[in-house]
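Step one of this worksheet: look at the structure below.
Only this structure's heavy atoms are used, side chains among them; waters, hydrogens and symmetry mates stay out. So that the names make sense, note that chain A is the first sequence line, chain B the second, and so on, each numbered from 1. Bear in mind that the values here come from a model prediction, so they are computed numbers and not experimental data.
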Protein chains: 2
Amino acid sequence: MKEQPWWYGRLKDSGARLTEPREIVLEILRSAREHLTATDIYIQAHRMKPSIGLTTVYRTLELLIKLGIVQKFELGEGKARFELVDKPGGEGHHHLVCLKCRKIIDYSDITNDEKEFLSRVEDRLKRKYDFKILDHLMWFYGVCRECRGS
Amino acid sequence: MKEQPWWYGRLKDSGARLTEPREIVLEILRSAREHLTATDIYIQAHRMKPSIGLTTVYRTLELLIKLGIVQKFELGEGKARFELVDKPGGEGHHHLVCLKCRKIIDYSDITNDEKEFLSRVEDRLKRKYDFKILDHLMWFYGVCRECRGS
DNA sequence: TAAAGTATTGGAAATGATTTTCATTATCAG
DNA sequence: CTGATAATGAAAATCATTTCCAATACTTTA
Ligand SMILES: [Mn+2]
Ligand SMILES: [Mn+2]
Ligand SMILES: [Zn+2]
Ligand SMILES: [Zn+2]
């Protein structure tokens, strides 16, 4: 039997069907090394199966977000970007954004130190604000080497 | 002589004039207790001075962002929200977002622990990715008490 | 001070991402 | 198979943001 990706069960449990357009969108996200926009995904999907519509891409992304399989974020570009959520129980990852060229670096080598720190903060917030914390996002903004010159 | 707000010098140094529309936008941001959209700001500004145009609000926000006086963020609502940056040298603040009702809580009681931790991480990123880090944003997502019921 | 140059403004139109509508097609339970 | 439901795609509608352009306000120069 073949190894199923981590999100497979989640999709099935939700009652949604794993249709071809959905498979294609997921495959595009899986193999992406950048953070794609809906249109990026549409263009690639369209190459694999020209009948796919942009609307379906949006709808698929919406579904996957609701299921916690895809994460959406906006960086002030006027359009959203999407990426597959890290496998649950894994490390998670954060982001470094260059304010000049808008390059985004995924930063996944989280130290134990950091993991411990984050859970401590989450604990504190939970107590203080009575919030059930499910996730966090950390973004660091700066200027990359190229954009600072030599 | 009157106490100037911390951003006053920054605006002046940039060569930009502190015009009435700009003063109004800044005053609205200063007295806001939520994170406003451009239209929110426009509606309030329009009340104080009906001649102000939405375009000017956008342009003013753009200027203030460039000067580091205002921070913009998007939360997947399809529109941006803005807030005045914390006074430099101050504590900074983070955010708690309820995924159900979209309520946002400003969380500013940062511990020394957290400050120290963040500067350590920034240091590490600087070395590892050769990035000059200027700022960071930490968002925690969860569900507020009201949205969990009883 | 008057003229000229530059910065700022506001309204209208354009843009572009996302959502909605609606008719068609694929899939599933009985 | 038959009827019910889920999923799809194209076109139209929305809506935040940007662009254009002509009018004003302010500053500098002569
Ligand atoms: Mn990422
Ligand atoms: Mn805030
Ligand atoms: Zn860069
Ligand atoms: Zn809530």
Distances for protein N or O near nucleotides 16-18 of chain C N or O, under 3.5 Å:
| unit_1 | atom_1 | unit_2 | atom_2 | d |
| --- | --- | --- | --- | --- |
| dT18(C) | OP1 | Ala80(A) | N | 2.8 |
| dT18(C) | OP2 | Tyr58(A) | OH | 2.3 |
| dT18(C) | O5' | Tyr58(A) | OH | 3.1 |

Checklist line | His35(A) and Asp106(A): side chain donor to acceptor below 3.5 Å | finding: yes
Next item on the list: Check the distance between dC15(D)'s C1' and Asp40(B)'s CG and give it to me in whole angstrom.
Entry: 14 Å
Margin query: From CG of Leu18(B) over to P of dA25(D), roughly how many Å is that when rounded to an integer?
Written below: 17 Å
Next item on the list: Please check if the distance between the ring centroids of His94(A) and His136(B) is under 6.0 Å.
Entry: no
Note to self: For Glu23(A), is the CD atom crowded, meaning more than 12 foreign heavy atoms sit under 6.0 Å from it?
What the structure shows: yes
Please enumerate all protein N or O atoms sitting under 3.5 Å from an N or O of nucleotides 1-3 of chain D, with distances to 0.1 Å.
none

Next item on the list: Report the C-alpha separation of Glu116(B) and Arg120(B) in whole Å, then their side-chain angles, then the decisive distance to 0.1 Å, and conclude whether the salt bridge (Lys or Arg N to Asp or Glu O under 4.0 Å) test is met.
Entry: CA-CA 6 Å; Glu116(B) 193 185 300; Arg120(B) 205 162 45 209; 3.7 Å; yes
Checklist line | Spacing of Leu61(A) atom CG relative to dT8(D) atom P, expressed in whole Å | finding: 12 Å
Check: How long is the line joining NZ of Lys49(B) and C1' of dA25(D), in whole Å?
Finding: 11 Å
Item checked: Residue pair Arg124(A) / Tyr129(A), side-chain donor-acceptor N/O under 3.5 Å -> no
Item checked: hydrophobic_cluster_shared for Tyr8(B) and Leu29(B), side chain cutoff 4.5 Å -> yes
Next item on the list: Could you tell me, to 10°, how much the axis swings from one end of the helix from dT1(C)-dA30(D) to dG30(C)-dC1(D) to the other, five pairs per end?
Entry: 30°
Notebook entry, point to check: Given side chains that start at C-beta, do those of Ile41(A) and Ile24(A) come closer than 4.5 Å, heavy atoms only?
Noted result: no
Margin query: Taking salt bridge (charged side-chain N to carboxylate O under 4.0 Å, His left out) as the cut-off, I'd like each qualifying pair that reaches into residues 41-59 of chain A, sequence neighbours left out, listed once.
Written below: Glu20(A)-Lys49(A)
Checklist line | Annotated protein contacts, base or backbone, on nucleotides 3-9 of chain C with a non-hydrogen cut-off under 4.0 Å, one of B, S, - each | finding: ----SSB
Note to self: Distance check, rounded to the nearest 0.5 Å: Gln71(A) atom CD versus Asp135(A) atom CG?
What the structure shows: 5.5 Å
Check: Got a sec, which pairs hit salt bridge (charged side-chain N to carboxylate O under 4.0 Å, His left out) with one end in residues 27-45 of chain A, sequence neighbours left out?
Finding: Glu27(A)-Arg30(A), Asp40(A)-Arg81(A)
Note to self: Do Trp7(B) and Leu26(B) make a side-chain contact, defined as non-hydrogen atoms from C-beta onward lying under 4.5 Å apart?
What the structure shows: yes
Check: Can you check the Leu36(B) CG to dT17(D) C1' distance for me, whole Å?
Finding: 17 Å
Next item on the list: Whole angstrom is fine here: how far is it from CD1 in Ile65(B) over to C1' in dT18(D)?
Entry: 14 Å
Check: More than 12 foreign heavy atoms under 6.0 Å from NZ of Lys103(A): is that the case here?
Finding: yes
Next item on the list: Run through Tyr107(A), Tyr141(A), Trp139(A) and flag the one making a ring pair (Phe, Tyr, Trp, His ring centres under 6.0 Å) with His95(A).
Entry: Trp139(A)
